[in-house]
Amino acid sequence: MNSGVDEGDRHSTACGGLPHLWRPHGVEVPLVAVPPSLALPVIEDAFPRRLHPYWPRLQENTRRWLLEKRLMPPDKVREYADNLCYTDLMAGYYLGAPDDVLQAIADYSAWFFVWDDRHDRDIVHGRPEDWRRLRQRLHTALDAPGDHLHHQDALVAAFADSVLRLYAFLPPTWNQRFARHFHEVIEAYDREFGNRVAGRVPGVEEYLALRRLTFAHWIWTDLLEPSAGCQLPDAVRKNPAFRRAALLSQEFAAWYNDLCSLPKEIAGDEVHNLGISLITHSGLTLEEAVEELRRRIENCVAEFIEAEREAMEFARELDDGTMRGKELSAAVRTCVGNMRNWFSTVYWFHHESGRYMVDTWEDRSTPPYVNNEAAGEK
């Protein structure tokens, strides 16, 4: 499998030793300097970033898909789509995926971000009935995507399109698992809606459990399988070594997102952020909460490195000399390798994407890229 841009292409001694990322086709893009409070040297040094070679076409096709599905107005697509770096995030994660699989995942990921923004705007503008209808429509479309490709709500129609494409790669049993996991995500978003309307900050443990759902931990883990071209049996997916590595990779992403988005979410009167829960329920100051977030994130990285070794040993044990054993061993190695990629792609995404550049927004509580008109705002 072609793994994209390799480690030897990523580093440069220019710009004071800051790493550079070589895009496919030799286009060099300097990575932004990371603020000291957000910098993780272990990620920059030990988790090299790579991109799938399909990335340039991926970006073009997802931009076109956003327009065709009317998920963002043309002016916002032109001005913000590339800068939001949604395709970069997926192209750095699912390495080795067939191009059509990566395209379906990237379009679904872009949809997910737009849905997250709609959810936020429905809360901010007091539209509980709009959210209730959307929630039910998504549940229905998830179970019968082919019946919703032309739904009047562009968000529902685009969701149906992306899900139907994802359902084409592996057997129905994988589709059923994906649907079950995403039904749980929708309901978690509903619980978040209620908390935000009530101004209720969940306790730390409650928040961590909710976050695993709203960040869709098991959805992104499920998508490792079509990327590897193999549905993993339950005995493999639920193996403690494999599951621990998968969970740690997702926990890192969710908690690092909380660290980077803390200013954005405080500005937007959010209540769902590990830092906000620590401040509210553990009596920490903002500075102490940031330090605690960093401690948890750094421990997560260290624990993943150990879990990764155990998962790779499990992969070796699966190769029992049979054709099936070789296939499962190779698939697990690919999945675990992509779990590692999640660390670097999430890290750099947060410093390249306009989604987190709150200080450049005219209104710190209103992202400039949101599709207000389509969401029904006046």
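For this chain, numbers begin at 1 and follow the sequence in order.
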Student: Between F242 and C335, what is the shortest heavy-atom contact and its length?
Tutor: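 The answer is CE1-CB, 3.9 Å.
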
Student: Between F113 and Y86, what is the ring plane arrangement, given parallel below 30°, perpendicular above 60°, and tilted in between?
Tutor: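 F113 vs Y86 ring planes: parallel.
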
Student: Between D107 and S162, do the side chains contain an N or O donor and an N or O acceptor separated by less than 3.5 Å?
Tutor: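 On atom types as modelled, these side chains do not qualify, holding no pair under 3.5 Å.
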
Student: Determine the interplanar angle of the Y108 and F182 rings, folded into 0 to 90°, and report it as parallel if under 30°, tilted if 30 to 60°, perpendicular if over 60°.
Tutor: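 Perpendicular, since the angle between the ring planes exceeds 60°.
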
Student: R296 and N299: side-chain donor and acceptor closer than 3.5 Å?
Tutor: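 Looking only at side-chain atoms, N299 and R296 do not form any donor-acceptor pair under 3.5 Å.
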
Student: Which atoms form the tightest heavy-atom contact between V42 and V301, and what is the distance?
Tutor: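 The pair with the smallest heavy-atom distance is CG1-CG1, 3.8 Å.
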
Student: Less than 4.0 Å between a side-chain N and a carboxylate O, is that true for D120 and R196?
Tutor: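 Answer for the salt bridge query: yes.
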
Student: Y54 and Q103: side-chain donor and acceptor closer than 3.5 Å?
Tutor: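 Q103 and Y54 do have a side-chain donor-acceptor pair below 3.5 Å.
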
Student: For residues 246-254, which side-chain donor-acceptor pairs fall under 3.5 Å, sequence neighbours excluded?
Tutor:
from : atom 1 : to   : atom 2 : distance (Å)
S249 : OG     : A246 : O      : 2.8
Q250 : OE1    : W342 : NE1    : 3.3
Q250 : NE2    : Y93  : OH     : 3.2
E251 : OE1    : H217 : NE2    : 2.9
E251 : OE2    : R212 : NE     : 2.9
E251 : OE2    : R212 : NH2    : 2.8

Student: Can you check whether R127's main-chain N or O pairs, donor with acceptor, with H125's side chain at less than 3.5 Å?
Tutor: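 No; judged by distance alone, with no hydrogens or angles, the pair does not exist.
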
Student: Side chains of T173 and R177: any donor to acceptor distance under 3.5 Å?
Tutor: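 Distance-only check fails for R177 and T173.
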
Student: For residues V332 and A311, report the shortest heavy-atom separation together with the two atoms involved.
Tutor: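 So the minimum-distance heavy-atom pair works out to CG1-O, 4.2 Å.
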
Student: Consider only side-chain N and O atoms of W111 and D161, and report whether a donor and an acceptor are under 3.5 Å apart.
Tutor: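 No, D161 and W111 have no side-chain donor paired with an acceptor closer than 3.5 Å.
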
Student: For the pair E291 and R295, find out whether any cationic side-chain nitrogen is under 4.0 Å from an anionic carboxylate oxygen.
Tutor: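 Salt bridge: no.
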
Student: Let me check something: do W348 and V346 share a hydrophobic cluster, defined by ILVMFWY side-chain heavy atoms less than 4.5 Å apart, either directly or through other members?
Tutor: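 Result: yes, single cluster for both.
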
Student: Centroid separation under 6.0 Å, is that true for the rings of H350 and Y256?
Tutor: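 Yes, the ring centres sit under 6.0 Å apart.
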
Student: Is there a path of hydrophobic side-chain contacts, each under 4.5 Å between heavy atoms of I, L, V, M, F, W or Y residues, that connects F159 with L149?
Tutor: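 Looking at the clustering, L149 is in a separate group from F159.
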
Student: Applying side-chain contact (heavy atoms from CB on, under 4.5 Å) to H351 and M357, what does each step give before you reach the verdict?
Tutor: CA-CA 8 Å; H351 304 295; M357 297 179 183; over 6 Å; no

Student: Between R118 and D122, does at least one N-O distance fall below 4.0 Å, as a salt bridge requires?
Tutor: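 Salt bridge between R118 and D122, a charged N being under 4.0 Å from a carboxylate O: no.
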
Student: With side-chain contact (heavy atoms from CB on, under 4.5 Å) as the criterion, how do L102 and S227 come out once you've worked through the C-alpha distance, each side chain's angles and the decisive distance to 0.1 Å?
Tutor: CA-CA 7 Å; L102 185 61; S227 299; over 6 Å; no

Student: Test of understanding: clusters of I, L, V, M, F, W, Y form through side-chain heavy atoms closer than 4.5 Å, transitively. Do W218 and V101 belong to the same one?
Tutor: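 No, no single cluster joins them.
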
Student: May I ask you to decide whether R133 forms a salt bridge with D130, counting only side-chain N to carboxylate O separations under 4.0 Å?
Tutor: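 Looking at R133 and D130, the cut-off is met.
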
Student: How about N273 and Y207: does a side-chain donor come under 3.5 Å of a side-chain acceptor?
Tutor: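 Result is no, nothing qualifies.
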
Student: Under a 4.0 Å N-O cut-off, is there an ion pair linking R180 with E184?
Tutor: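 No.
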
Student: Between W174 and L166, what is the shortest heavy-atom contact and its length?
Tutor: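 Closest heavy-atom pair between W174 and L166: CZ3-O, 3.7 Å.
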
Student: Closest approach of E288 and G283, non-hydrogen atoms and distance?
Tutor: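 It is OE1-O, 4.3 Å.
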
Student: Please check if the number of heavy atoms outside R200 that lie under 6.0 Å from its CZ is greater than 12.
Tutor: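 Above 12, so yes.
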
Student: Honestly curious: do L142 and L164 fall in one hydrophobic cluster under the side-chain, below-4.5 Å linking rule?
Tutor: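 Per the 4.5 Å side-chain linkage, L142 and L164 are not co-clustered.
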
Student: T214 vs V185, test: side-chain contact (heavy atoms from CB on, under 4.5 Å). Steps then yes/no.
Tutor: CA-CA 6 Å; T214 58; V185 171; over 6 Å; no

Student: Does F47 have R340 sitting over its ring (NZ/CZ under 6.0 Å from centre, angle to axis within 45°)?
Tutor: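 Yes; both conditions hold, so R340 lies above the ring face of F47.
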
Student: With a 4.0 Å cut-off on N to O distance, would you call D258 and R211 a salt bridge?
Tutor: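 Counted as a salt bridge, because a side-chain N and a carboxylate O are separated by less than 4.0 Å.
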
Student: In terms of side-chain geometry, is the basic nitrogen of D117 or R355 positioned less than 4.0 Å from the acidic oxygen of its partner?
Tutor: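 Yes, D117 and R355 are salt-bridged.
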
Student: Where do W361 and T366 come nearest, in terms of heavy atoms and distance?
Tutor: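 Where W361 meets T366 most closely, the heavy atoms are CE3-O, 3.8 Å.
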
Student: Please lay out, stage by stage, how C230 and E225 fare under the test side-chain contact (heavy atoms from CB on, under 4.5 Å).
Tutor: CA-CA 5 Å; C230 179; E225 293 170 63; over 6 Å; no

Student: For the pair F112 and Y189, name the ring-plane relationship: parallel under 30°, tilted 30 to 60°, perpendicular over 60°.
Tutor: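 Answer is perpendicular, since the angle exceeds 60°.
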
Student: Looking at K76 and E79, is any side-chain nitrogen of the basic one under 4.0 Å from a carboxylate oxygen of the acidic one?
Tutor: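 Judged by the 4.0 Å cut-off on N to carboxylate O distance, E79 and K76 do not form a salt bridge.
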
Student: Do W55 and D88 pair up side chain to side chain, a donor and an acceptor below 3.5 Å, judged on atom types alone?
Tutor: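 The answer is yes; a qualifying pair exists.
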
Student: Test of understanding: clusters of I, L, V, M, F, W, Y form through side-chain heavy atoms closer than 4.5 Å, transitively. Do I276 and L210 belong to the same one?
Tutor: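 Different clusters.
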
Student: When you measure from the side chain of S109 to the backbone N and O of I105, does any donor-acceptor pair fall under 3.5 Å?
Tutor: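 Checked: no pair found.
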
Student: Please lay out, stage by stage, how N257 and Y356 fare under the test side chain to side chain donor-acceptor pair (under 3.5 Å).
Tutor: CA-CA 9 Å; N257 175 269; Y356 303 100; 2.9 Å; yes

Student: Taking NZ, NE, NH1 and NH2 as the nitrogens, is one of them in E60 or R63 under 4.0 Å from a carboxylate oxygen of the other?
Tutor: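 Salt bridge between E60 and R63, a charged N being under 4.0 Å from a carboxylate O: no.
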
Student: Go through E187 and R191 one step at a time and tell me if the salt bridge (charged side-chain N to carboxylate O under 4.0 Å, His left out) criterion holds.
Tutor: CA-CA 6 Å; E187 287 305 293; R191 293 199 295 277; 5.8 Å; no

Student: When you check the gap from the basic side-chain N to the acidic O, do D75 and R78 get nearer than 4.0 Å?
Tutor: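 Result for this pair is no, no salt bridge flagged.
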
